[in-house]
Amino acid sequence: MATLYLPDVRQAISQLATGTHADGDQVASYLQDWFASLKRMSPGKWNEVRTFYLTAAMCYPVGDKERLSTISEWIVILFAWDDLFDVPEDNLMDDTRGAKEINNVVLSIFDTPETSETQAELTVVAAFRAFWARFRTTSTPTMQKRFIDAVRRYARGTEKLVHNREQWRVPSMEEFVAMRRATSAVEPALAGVEYTLEIEVPHEAFYHAAVQELRDTINDIASWTNDMYSFNKEQAAGDYQNLVAVVAVEKKLDVQSAIQFVFVMIQSAIDHYFEARKRVPKFDPKTDDLVSRYIRGIECFCSGSILWHFEVDRYFGSKFGEAEDRLAVKMLPREKNAPEPGFQLEYKTPSTVIASVGDGMSVSKNISGIKSRALL
């Protein structure tokens with residue numbers, strides 16, 4: 001069975017802000033009680049997502065315990081919602097109509113938050129309803145609007161992703177990267193940064209082109225890293241809407257070389273981020289302080305989300321500690337109900353990385369200018 005060698009993104013992001021919330025363990029206990037209050041969780045799946053408290057603790061290291069608890073609910077819901085479209089047994093991987101129906105139900109909660117839940121309601125919908133009620137009472141109207149905008153883009157993006165699977169369509173790299181900014185769930189997770197920090201960046205600064213560029217680049221770094229580290233799990237499930245697969249097909253590379261290509265893109269994006277950070281203008285002293293705290297917050301989210309991959313068994317199974325030490329994983333066999341792709345990927349262990357992976361740097365620089373809503 002082939003072995004995949006994983007580039008170490010941890011070293012590449014070492015200059016980004018990072019941290020872990022001191023109240024993470026207490027939040028884990030809170031989440032357990034919260035799950036129980038839903039009275040509708042399936043033990044297998046929802047016991048697994050209890051570990052996501054660590055995601056929140058590593059991604060939002062600053063703020064009070066109550067806000068971390070609330071945003072932890074959102075992280076759990078976001079993973080559960082995302083899995084509806086990524087896990088074969090949920091039957092929505094390639095069902096565009098079904099994906100739209102579920103998304104419309106979730107999004108309708110924004111318009112009718114007082115509607116009571118029903119017994120037929122999906123767990124993720126019931127959980128989101130409970131979360132949104134709490135978030136509304138502890139956030140400002142501006143936080144709510146930014147959160148809603150990000151969640152709506154995510155929902156519409158997942159429908160395009162599912163449509164690609166339904167049609168066995170492999171998009172171009174440029175198209176995929178623009179779409180990935182919506183489908184990776186990073187943007188709606190970043191919407192929690194202001195909330196946990198209890199800050200509100202003024203409109204003119206939040207939507208300034210330079211700050212948006214930082215947000216997009218952070219999204220790219222986190223999303224592309226996730227694609228690289230989750231590829232093994234996703235290919236086993238028959239899911240090839242992944243940057244590694246897209247690069248392999250477009251550049252005609254074997255999988256190991258495609259992974260290295262993506263890593264070069266990530267390195268280039270990190271360099272681009274620090275260059276872009278220098279271009280953030282000065283506003284006024286109060287706004288400058290808020291922007292500085294916000295930028296540190298999105299950096300913590302990025303570094304936390306990447307480091308978290310090696311702390312739980314979601315992507316590397318029970319041997320996640322070994323994966324962290326060796327940066328290598330055995331290829332997983334295809335799952336029983338996984339669909340067959342309409343193309344063949346080549347797996348081999350190259351003695352040297354082929355020269356064309358250097359193109360990843362220029363590709364990343366060209367892609368960095370893509371607007372996050374270009375295809376949405």
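As the structure is a prediction and not an experimental result, all values here were calculated from the model. Below, all heavy atoms of this structure are taken into account, side chains as well, without hydrogens, waters or symmetry copies.
- Judged by distance alone, the side chains of Arg169 and Asn164 do bring a donor and an acceptor atom under 3.5 Å apart.
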Derivation and outcome, side chain to side chain donor-acceptor pair (under 3.5 Å), residues Glu159 and Asn103: CA-CA 9 Å; Glu159 292 159 16; Asn103 285 345; 3.1 Å; yes
Set out, in order, the CA-CA distance, both residues' side-chain angles and the distance that settles side chain to side chain donor-acceptor pair (under 3.5 Å) for Thr287 and Asp284, then state yes or no. CA-CA 5 Å; Thr287 299; Asp284 59 73; 2.9 Å; yes
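- Within the 4.5 Å cutoff, no side-chain heavy atoms of Pro61 are placed close to those of Thr20.
- If you check the side chains of Asp216 and Gln212, you find a donor sitting under 3.5 Å from an acceptor.
- Here Phe301 contributes atom CZ and Leu190 contributes atom CG; the two are 5.0 Å apart, rounded to the nearest 0.5 Å.
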Using the side chain to side chain contact (heavy atoms under 4.5 Å, CB included) rule, take Thr3 and Val329 through it: C-alpha gap first, then chi angles, then the decisive distance, then the call. CA-CA 6 Å; Thr3 297; Val329 293; over 6 Å; no
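- Remark: the Thr138 side chain and the Tyr195 side chain contain an N/O donor-acceptor pair separated by less than 3.5 Å.
- Summarising the geometry of Pro202 relative to Leu290, their closest heavy-atom pair is CD-CD1, 4.0 Å, with the distance given to 0.1 Å.
- Taking the six-membered ring for Trp and the full ring otherwise, the centers of Phe79 and Trp308 sit less than 6.0 Å from each other.
- Taking the side chain as every heavy atom from C-beta outward, Leu78 and Phe131 never approach each other to under 4.5 Å.
- Taking the six-membered ring where the residue is Trp, the centroids of Phe310 and Tyr229 are separated by under 6.0 Å.
- Between the side chain of Ser29 and the backbone N or O of Asp25, no donor-acceptor pair lies under 3.5 Å.
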Verify side chain to side chain contact (heavy atoms under 4.5 Å, CB included) between His309 and Asn226, making sure each step is shown before the conclusion. CA-CA 8 Å; His309 284 77; Asn226 176 261; 3.1 Å; yes
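- Taking CD of Glu250 as the start and NZ of Lys252 as the end, the distance is 8.5 Å to the nearest 0.5 Å.
- Between Asp288 and Arg293, none of the side-chain N atoms (NZ, or NE/NH1/NH2) sits under 4.0 Å from a carboxylate O, so this pair counts as no salt bridge.
- For the residue pair Asn219 / Ser184, a side-chain donor-acceptor distance below 3.5 Å is found, with atom types taken as modelled.
- Asp149 and Lys145 are joined by a salt bridge, as a carboxylate oxygen and a charged side-chain nitrogen come within less than 4.0 angstrom of each other.
- Distance check: Leu107 CG to Ile102 CD1 gives 12.0 Å after rounding to the nearest 0.5 Å.
- Smallest separation of non-hydrogen atoms from Met173 and Met265: CE-SD, 4.0 Å.
- In summary, the side chains of Glu73 and Tyr30 do present a donor paired with an acceptor at a separation below 3.5 Å, with no hydrogens or angles considered.
- The environment of Arg10 atom CZ is dense: over 12 non-hydrogen atoms of other residues, nucleotides or ligands sit within 6.0 angstrom.
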Is there a side chain to side chain contact (heavy atoms under 4.5 Å, CB included) between His21 and Met58 once you walk through the steps? CA-CA 6 Å; His21 202 288; Met58 295 178 73; over 6 Å; no
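- Using a cut-off of 4.0 Å between Lys/Arg side-chain N and Asp/Glu carboxylate O, Asp239 and Lys233 are scored as not salt-bridged.
- Distance check, rounded to the nearest 0.5 Å: CG of Leu327 to CZ of Phe316 gives 8.5 Å.
- Looking at Tyr273 and Glu299, their side chains do bring a donor and an acceptor atom within 3.5 Å of each other.
- Remark: the Ser223 side chain and the Asp220 side chain contain no N/O donor-acceptor pair separated by less than 3.5 Å.
- The two residues Gln241 and Pro171 make their nearest non-hydrogen contact at OE1-CD, 3.7 Å.
- Here the SG-CD1 distance, from Cys302 to Ile221, works out to 5.0 Å after rounding to the nearest 0.5 Å.
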Verdict with reasoning, Ile298 to Glu194, per side chain to side chain contact (heavy atoms under 4.5 Å, CB included): CA-CA 9 Å; Ile298 65 174; Glu194 287 181 289; over 6 Å; no
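- Taking the centre of each ring, Tyr5 and Phe263 stay at or above the 6.0 Å mark.
- In this structure, the side chains of Leu214 and Arg277 come closer than 4.5 Å at one or more pairs of heavy atoms.
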How far apart are the C-alpha atoms of Glu187 and Arg181, what are their side-chain angles, what is the distance that settles it, and do they pass the salt bridge (Lys or Arg N to Asp or Glu O under 4.0 Å) test? CA-CA 7 Å; Glu187 187 180 9; Arg181 287 178 182 167; over 6 Å; no
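- The two atoms that bring Leu16 and Phe274 nearest to each other are CD2-CZ, 3.7 Å, heavy atoms only.
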Where do Arg67 and Thr196 land on the side chain to side chain donor-acceptor pair (under 3.5 Å) test, with the steps shown first? CA-CA 5 Å; Arg67 285 178 177 266; Thr196 55; over 6 Å; no
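- Scanning both residues, Ala236 and Pro333, for their nearest heavy atoms gives CB-O, 3.4 Å.
- Across all non-hydrogen atoms, the minimal contact from Arg152 to Asp111 is NH2-OD1, 3.7 Å.
- Residues Glu275 and Arg279 are not paired through a salt bridge, judged by the lack of any N-O separation under 4.0 Å between the basic side chain and the carboxylate.
- For Arg215 and Phe206, the positive end sits near the middle of the six-membered ring, less than 6.0 Å away and at most 45° from its axis.
- Put simply, the side chain of Asp23 never gets that close to the backbone of Gln26: no donor and acceptor are under 3.5 Å apart.
- A ring-centre distance under 6.0 Å is found for Trp132 and Phe110.
- Between Tyr154 and Thr183 the shortest side-chain heavy-atom distance does not fall below 4.5 Å.
- Between Phe231 and Tyr240, the two ring planes are perpendicular [angle over 60°; tilted spans 30° to 60°].
- Judged purely by distance below 3.5 Å, without hydrogens or angles, the side chains of His208 and Glu213 never pair a donor atom with an acceptor atom.
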